[in-house]
Amino acid sequence: MTDLYRLLPEEMEELAIKLGQPRYRADQILYSLYYKFPKSIFEIKQLPATFREKLVEQGFTIGSTKEIHKITSNDGETTKLLLNLQDETPVESVLMQYPPKKIFGHPRSTICVSTQVGCAMGCLFCATGQMGFERNMKAEEIIGQVIHFAKILSERGQHITNIVFMGMGEPLANYSETIRAIQLLTHPRGFGIGQRSITISTIGIIANIDKLAEENLQIGLAISLHAPYDKLRQWLVPTAGKNSVKDLIDAGKRFFLKTGRRVTFEYALIEGVNDSVEIAEELALLLRNNGSHVNLIPLNPTAGDFERPSRKNVIEFERILYNSGINCTVRIEKGTEISAACGQLRTDVLSKYNSEEN
Ligand code: SAH
Ligand code: SF4
């Protein structure tokens, strides 16, 4: 079985020709997939019935993801979907809408997608990391999340403006499917979103950061740093291994030199762990004159015995970085009451189902 959403436009043309159809059938399929969001091949009405039947006969399908749960935050700005993959594995994705007055700019509809079921990196504070690793997601499963939200938004006369690979899993540990998903999403005859509207977040798999820099893509990269000291980082990110904080910063520099795109360093702020004045000063020293951006994420307490710092401490941390000339933002907290942190909804829903079963 092959999901038609897996095929790049060139591959779709090859398929049409192989099945004895004119080349333009590919564009008819692509138009339907990315503008009409059909649930089955029979809904691609532009195609002759015989060709639709042939596709089905040959084992082609549509839709590797099925919605099983949807919740919206009280302010209506965050929607979370729990989607079942074909093997009934649930994964989650989130839509975050930012009204212009809140972000001093244009309205944004950002989709946060998952790339793996679970994650092998085991970060102590992360709900996904604490679940363990189940499997890599296929490109069609990754973009299926975007398609579900694109359909919801198109019904409201809106569209997706940004896509971040910050859901469950480590995108650079599922490298080739992640790249295929990006190609499908950014291809002008595919989903067609601008490369600059996509950001990948990584825990820092250095060889693959270097590989990504060679892909000739204009996507954004965020590296999850979380600590200026190797010991502290190795504790929070048990799989960090030999990669030092300096190695990560150097990898970010190489990415910038190669692509011209500045890297963002993400930093989950955890009370009493990595939020002190001294640690902020050390981080400022490391990143000064580096031209990078720091995104502070006050912890969403989901896993382990960790708490979010007070607002005062977050502002103080930001001020220290800012005073050293470091471009710094604090992530707007969204949808906490609907478990919008990575891996959380799946954990909540599964434990609810489990306790209902018991
Ligand atoms: N695996 C990738 C991408 C997914 S996580 C990575 O780690 O970068 C996306 C971001 O959410 C990361 O910066 C991660 O550190 C952060 N994150 C995970 N759990 C969190 C939590 N409970 N509170 C705040 N941020 C969290
Ligand atoms: Fe995996 Fe990222 Fe969670 Fe770490 S923070 S466990 S790398 S998803």
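As the structure lists them, so they are numbered: ligands from 1, and atoms in each ligand from 1.
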Visitor: Which word best sums up how the rings of Tyr34 and Tyr5 line up, parallel for under 30°, tilted for 30 to 60°, or perpendicular for over 60°?
Guide: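 Because their plane-to-plane angle is over 60°, the rings of Tyr34 and Tyr5 count as perpendicular.
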
Visitor: Does OH belonging to Tyr175 count more than 12 external heavy atoms closer than 6.0 Å?
Guide: yes

Visitor: May I ask you to list the atoms of ligand 1 that are less than 4.0 angstrom from any heavy atom of Glu266?
Guide: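 That gives atoms 10 (C), 13 (O) of ligand 1.
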
Visitor: Any salt bridge (Lys or Arg N to Asp or Glu O under 4.0 Å) involving residues 277-304? Give me the pairs, sequence neighbours left out, ordered by first then second residue.
Guide: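 Found none.
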
Visitor: Just which atoms of ligand 1 are under 4.0 Å from any heavy atom in Gly167?
Guide: 4 (C)

Visitor: Which atoms from ligand 1 have a heavy atom of Ile203 less than 4.0 Å away?
Guide: 6 (C), 7 (O), 8 (O)

Visitor: With heavy atoms under 4.0 Å as the rule, classify the contact between Ile223 and ligand 1 as side chain, backbone, both or neither.
Guide: neither

Visitor: If you measure from CG on Asn243 to CG on Asp230, what distance do you get to the nearest 0.5 Å?
Guide: 9.5 Å

Visitor: Need the ligand 2 atom indices (1-based, order shown) with element for anything under 4.0 Å from a heavy-atom of Gly129.
Guide: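 That gives atoms 6 (S) of ligand 2.
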
Visitor: Which of the listed options, Phe306, Phe125, Phe265, holds the heavy atom that is closest to atom 17 (N) of ligand 1?
Guide: Phe125

Visitor: If you draw a 6.0 Å radius around CZ in Arg135, do more than 12 non-hydrogen atoms from other residues or ligands fall strictly inside?
Guide: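 Result for CZ/Arg135: enclosed.
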
Visitor: Taking both backbone and side-chain atoms into account, decide whether Cys126 has an N/O/S atom under 2.8 Å from atom 4 (Fe) of ligand 2.
Guide: no

Visitor: Check ligand 1 against Thr202 and write out every atom of the ligand that is under 4.0 Å from a heavy-atom position of the residue.
Guide: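 Heavy-atom distances to Thr202 below 4.0 Å select 6 (C), 8 (O).
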
Visitor: Report, in ascending order of atom number, the atoms of ligand 2 lying under 4.0 Å from any heavy atom of Cys119.
Guide: 1 (Fe), 6 (S), 7 (S), 8 (S)

Visitor: Please set out all donor-acceptor pairs under 3.5 angstrom arising from side-chain atoms of residues 55-67, sequence neighbours excluded.
Guide:
unit_1: Ser64; atom_1: OG; unit_2: Asp3; atom_2: OD2; d: 2.5
unit_1: Thr65; atom_1: OG1; unit_2: His148; atom_2: NE2; d: 3.2

Visitor: Which atoms of ligand 1 sit under 4.0 Å from any heavy atom of Ile297?
Guide: 13 (O), 24 (C), 25 (N)

Visitor: Check each atom of ligand 1 against the heavy atoms of Gly169 and keep those under 4.0 Å away; list them by number with element.
Guide: 1 (N), 2 (C), 3 (C), 4 (C)

Visitor: Just heavy atoms, cut-off under 4.0 Å: does His226 contact ligand 1 by side chain, backbone, both, or neither?
Guide: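 Just the side chain.
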
Visitor: Heavy-atom distance under 4.5 Å between the side chains of Arg25 and Pro48, does that happen here?
Guide: yes

Visitor: Look at Lys211 together with Glu215 and state whether they make a salt bridge at an N to O cut-off of under 4.0 Å.
Guide: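 Salt bridge absent between Lys211 and Glu215.
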
